[in-house]
Amino acid sequence: MRESQHGNRYGIITRTSDVNNHVSMITLFLTMPKQIPFKANVSDLHLCRRCPRLLALKLSGKSNAWQVGLQGESFCGKIFHNDVAAPFHRDAAGQKGVKKRREILDLFKNHSHNPDELKKELLTLVYRNYLSPYLDVNSQTLSTSQIESLGRCIVKWGDFLTDFFCGNSDDLDNLAAFVNHAFLPPEKILKSQYTAGDGSILTVSGKFDCALLDRTHGEVLLVEFKCLRETDVTEELAQMALYAWLIRENTGLSPRTCVLYLEEEKPAATFSATETAGVIALLPQLFENAIHVIRAVHSGEKSIPKTDHPQLCNECPYREDCDVRFGNILSVPDGHSEADDHLQRLVDYLGKHRLPVEPVGYINGPRFIRLKINPRPEKGVTVAKIQRLANDMKVGLDLANPPLIQAQSGYVSVDVPRRNIKPLLLSPLIRDGEATRPDSDVAVPVGAEIDGKTFWLNFADPAMSSVLIGGTSGSGKSVLLQSLVLGLRLANPNVRTEFTLIDPKRVTFMKIPLEKIDAELICDPQPALERLTQLVEEMEQRYCLLESEKCFDIEAYNLANSQTPLTHHVTVIDEFADLMVDKKANKELELVIQRLGQKGRAAGFHLVLATQRPEAKVISPLIKANLQVKIAMKVTSQANSKIILDEDGAECLIGNGDMLLGGSVKPVRLQGAWASATDYEALTRCNRLR
């Protein structure tokens with residue numbers, strides 16, 4: 001049969017069969033599920049972190065959803081940003097013209113040696129070139145209080161710039177180069193992509209306020225202006241980490257960050273590059289949550305979880321129909337529904353492997369959910385059989401690491417990570433743990449337990465007088481050592497404690513202001529050995545003093561001699577393996593470590609020893625036997641875990657401060673805290689108290 005042909009308006013001859021094929025293809029295309037565009041900016045992701053349902057509402061057209069939970073917007077924030085700071089930074093970066101850039105850079109080059117003069121000249125320039133032109137046009141619509149508020153913002157910003165440039169003006173030969181490269185283009189829109197576990201690609205975009213290049217430290221300083229008053233510093237760090245991730249993905253640089261509070265008396269919240277990078281490592285879970293919300297909004301699914309901050313629900317205008325929109329199954333606040341989901345999946349998974357268990361409950365921690373199950377021995381289910389499935393659970397339950405499975409009193413615990421994780425900072429950890437801290441002059445918080453309770457290390461306790469810490473690079477070991485040193489001073493502001501800090505890597509303790517904590521820093525092996533030997537001699541002299549005063553330890557001596565008390569002395573060694581390289585000296589080093597660990601507590605000498613090589617050659621049985629508390633951070637193998645703790649489990653940790661603590665104390669899993677820039681600033685106040 002001959003196929004008919006038809007002419008179309010363009011003179012193209014098309015067979016009837018071709019037309020039918022095209023129609024079929026078009027019909028198939030129209031009926032195919034459309035690919036969801038997974039896109040989110042930094043504000044969207046920050047909103048998702050506060051409450052996934054608020055992000056869903058915003059994506060559904062509720063444009064005011066982002067305001068829920070924020071304390072009202074300042075009048076002058078938008079004006080300061082759009083009409084003063086942004087134009088200034090654009091001019092300084094050379095985005096508009098050469099003349100204004102030269103004027104700004106010359107100002108910093110000529111006056112950075114004198115902070116008062118620099119601030120005066122800077123404010124004069126800002127008023128003349130930016131504020132005055134705005135007021136000429138808009139002064140009639142502004143009240144006196146509004147103009148004063150705008151002026152306070154500019155002064156606070158001027159103080160920040162003055163401190164930044166004057167703090168880097170010691171090397172006058174390089175000052176010109178420093179200033180020339182300091183200002184980076186502001187409000188630059190950055191984009192990057194995150195690939196989820198299921199292959200979905202999330203495009204993330206963001207536009208930061210401004211960034212400065214600190215050539216002295218080889219870092220980018222990312223600055224955010226805050227006129228919306230955020231009450232939780234961890235929320236601000238989480239938002240800044242998103243901008244920092246975009247910068248790192250586009251440039252390869254890991255910036256440090258700063259939140260500048262323009263209308264509040266509190267100082268700027270600053271976070272080091274290490275602190276910021278630690279939060280960046282937690283972002284993939286947030287990206288996964290955002291993809292889930294976007295997919296649910298597009299498909300109409302009712303499976304979006306509630307916020308982990310139930311107080312938001314009390315002030316949310318959408319709370320009445322929240323469950324109607326997004327489902328009742330996830331209606332329990334504070335992450336309980338997430339725990340229910342994990343617990344049910346665990347029970348079902350074990351059932352498929354012929355290991356029937358009964359769900360007992362769970363504990364919601366700041367970083368993990370501890371699932372409780374009860375094995376059924378009458379059906380041959382044992383703890384060992386469940387533990388052998390840890391690697392299979394990583395695959396079957398879609399976890400980043402094998403879960404830590406432990407026998408507890410009355411149940412078996414299975415720890416799985418939470419979707420939304422908050423960084424743990426040192427000062428809040430100290431404050432929240434005041435009710436449970438031991439009565440001691442040398443008590444320090446190590447971290448938070450799975451239920452959020454602060455765990456205190458008491459060096460005056462015979463079971464806790466010295467510490468061994470082991471973990472791989474990136475496990476959070478150095479951050480833990482920093483928080484122990486600062487935490488000991490901040491938690492005991494009226495007590496004088498001396499420190500000997502031994503740092504062969506020359507990194508861990510470099511940012512600690514030694515003069516504020518009575519500390520001596522040693523970086524070379526031979527001086528370190530000499531100092532440790534000297535400490536042993538001082539310890540023996542103290543024992544003679546205690547004997548003459550008929551006192552059995554330093555606490556009793558100080559109670560009897562309150563006017564001339566003895567100070568506690570804490571020795572912290574990072575990367576002990578580097579000191580053991582010299583075979584001639586390692587036996588002598590082993591001996592002094594043994595004596596300090598054995599006898600130090602009663603005389604007020606305490607030891608913290610850390611290494612990223614938890615091997616038998618480094619941590620000898622003699623050293624290990626004389627260090628009471630053992631802390632295992634993320635390690636690469638069960639063998640390394642057993643060297644530290646005498647049991648496995650540390651290979652299941654996920655790093656970034658996740659740790660198992662054992663030894664002479666009851667085993668416990670902890671999340672370590674960061675010592676933020678705010679904690680370093682608080683050292684000054686402690687010095688005034690002493």
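In this text the structure is predicted, and so the values were computed from the model without any measurement.
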Answer yes or no: is there a donor N or O on one side and an acceptor on the other, between the side chain of [X] and the main chain of [Y], under 3.5 Å?
X    : Y    : result
T611 : P614 : no
W456 : G433 : yes
N492 : A443 : yes
R437 : A491 : yes
K630 : I643 : no
E575 : Q612 : yes
S299 : R295 : yes

For a quick test of reading the model, state the closest non-hydrogen atom pair linking [X] to [Y] and the distance between them.
X    : Y    : value
L222 : M240 : O-CE, 3.4 Å
L371 : A339 : CD2-O, 3.9 Å
L286 : L45  : CD1-O, 3.6 Å
E249 : S192 : CB-OG, 3.3 Å
V444 : G487 : CG2-C, 3.7 Å
Y349 : D392 : OH-O, 3.0 Å

Find out whether [X] and [Y] are in side-chain contact, i.e. whether some heavy atom of one side chain is under 4.5 Å from a heavy atom of the other.
X    : Y    : answer
L389 : L350 : yes
I373 : I386 : yes
R370 : Q408 : yes
F459 : V467 : yes
M393 : I405 : yes
R256 : F271 : no
L607 : I573 : yes
P667 : L660 : no

Problem set entry | Residues R376 and E378 bridged, charged N to O under 4.0 Å |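 A salt bridge is present here (some side-chain N lies under 4.0 Å from a carboxylate O).
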Does a donor on one side chain and an acceptor on the other come within less than 3.5 Å for [X] and [Y]?
X    : Y    : value
N458 : S440 : yes
T636 : T472 : no
Q344 : D348 : yes
S466 : R601 : no

For this session: Walk me through it: do R613 and E615 pass the test salt bridge (Lys or Arg N to Asp or Glu O under 4.0 Å)?
Result: CA-CA 6 Å; R613 289 172 53 194; E615 305 166 0; 3.5 Å; yes
Mind checking the [atom1]-[atom2] spacing from [X] to [Y]? Nearest 0.5 Å is all I need.
X    : Y    : atom1 : atom2 : result
H342 : I369 : NE2   : CD1   : 5.0 Å
L429 : K453 : CG    : NZ    : 13.0 Å
L47  : R53  : CG    : CZ    : 13.5 Å
L57  : I304 : CG    : CD1   : 8.0 Å
L486 : R489 : CG    : CZ    : 9.0 Å
L627 : I469 : CG    : CD1   : 10.5 Å

Problem set entry | Check: Y194 ring centre within less than 6.0 Å of F287 ring centre | yes
For this session: Go through the steps to decide whether L424 and W674 satisfy the test side chain to side chain contact (heavy atoms under 4.5 Å, CB included), and finish with yes or no.
Result: CA-CA 6 Å; L424 185 63; W674 280 318; over 6 Å; no
For this session: Test side chain to side chain contact (heavy atoms under 4.5 Å, CB included) on V42 and L246 and set out the steps.
Result: CA-CA 9 Å; V42 169; L246 285 169; 3.9 Å; yes
Problem set entry | Residue pairs fulfilling side-chain hydrogen bond (donor to acceptor under 3.5 Å, both in side chains) with at least one residue in residues 646-669, sequence neighbours excluded |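 The answer is D415-R669, K624-D646, D658-R669.
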Exercise. Which pairs with one or both residues in residues 473-483 pass side-chain hydrogen bond (donor to acceptor under 3.5 Å, both in side chains), sequence neighbours excluded?
Worked result: S478-T508
For this session: Check each of L346, N374, V347 against V357 using the side chain to side chain contact (heavy atoms under 4.5 Å, CB included) test, and report the only one that passes.
Result: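 Result for side chain to side chain contact (heavy atoms under 4.5 Å, CB included) with V357: V347.
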Seminar exercise, completed: From the list V416, I450, L343, side chain to side chain contact (heavy atoms under 4.5 Å, CB included) with Y362 holds only for L343
Exercise. How far apart are the C-alpha atoms of R345 and D398, what are their side-chain angles, what is the distance that settles it, and do they pass the side chain to side chain contact (heavy atoms under 4.5 Å, CB included) test?
Worked result: CA-CA 11 Å; R345 289 176 64 199; D398 192 22; 4.3 Å; yes
For this session: Give the C-alpha distance, both sets of side-chain angles, the deciding distance and a yes or no for side chain to side chain contact (heavy atoms under 4.5 Å, CB included) between V412 and K372.
Result: CA-CA 6 Å; V412 176; K372 299 180 178 181; over 6 Å; no
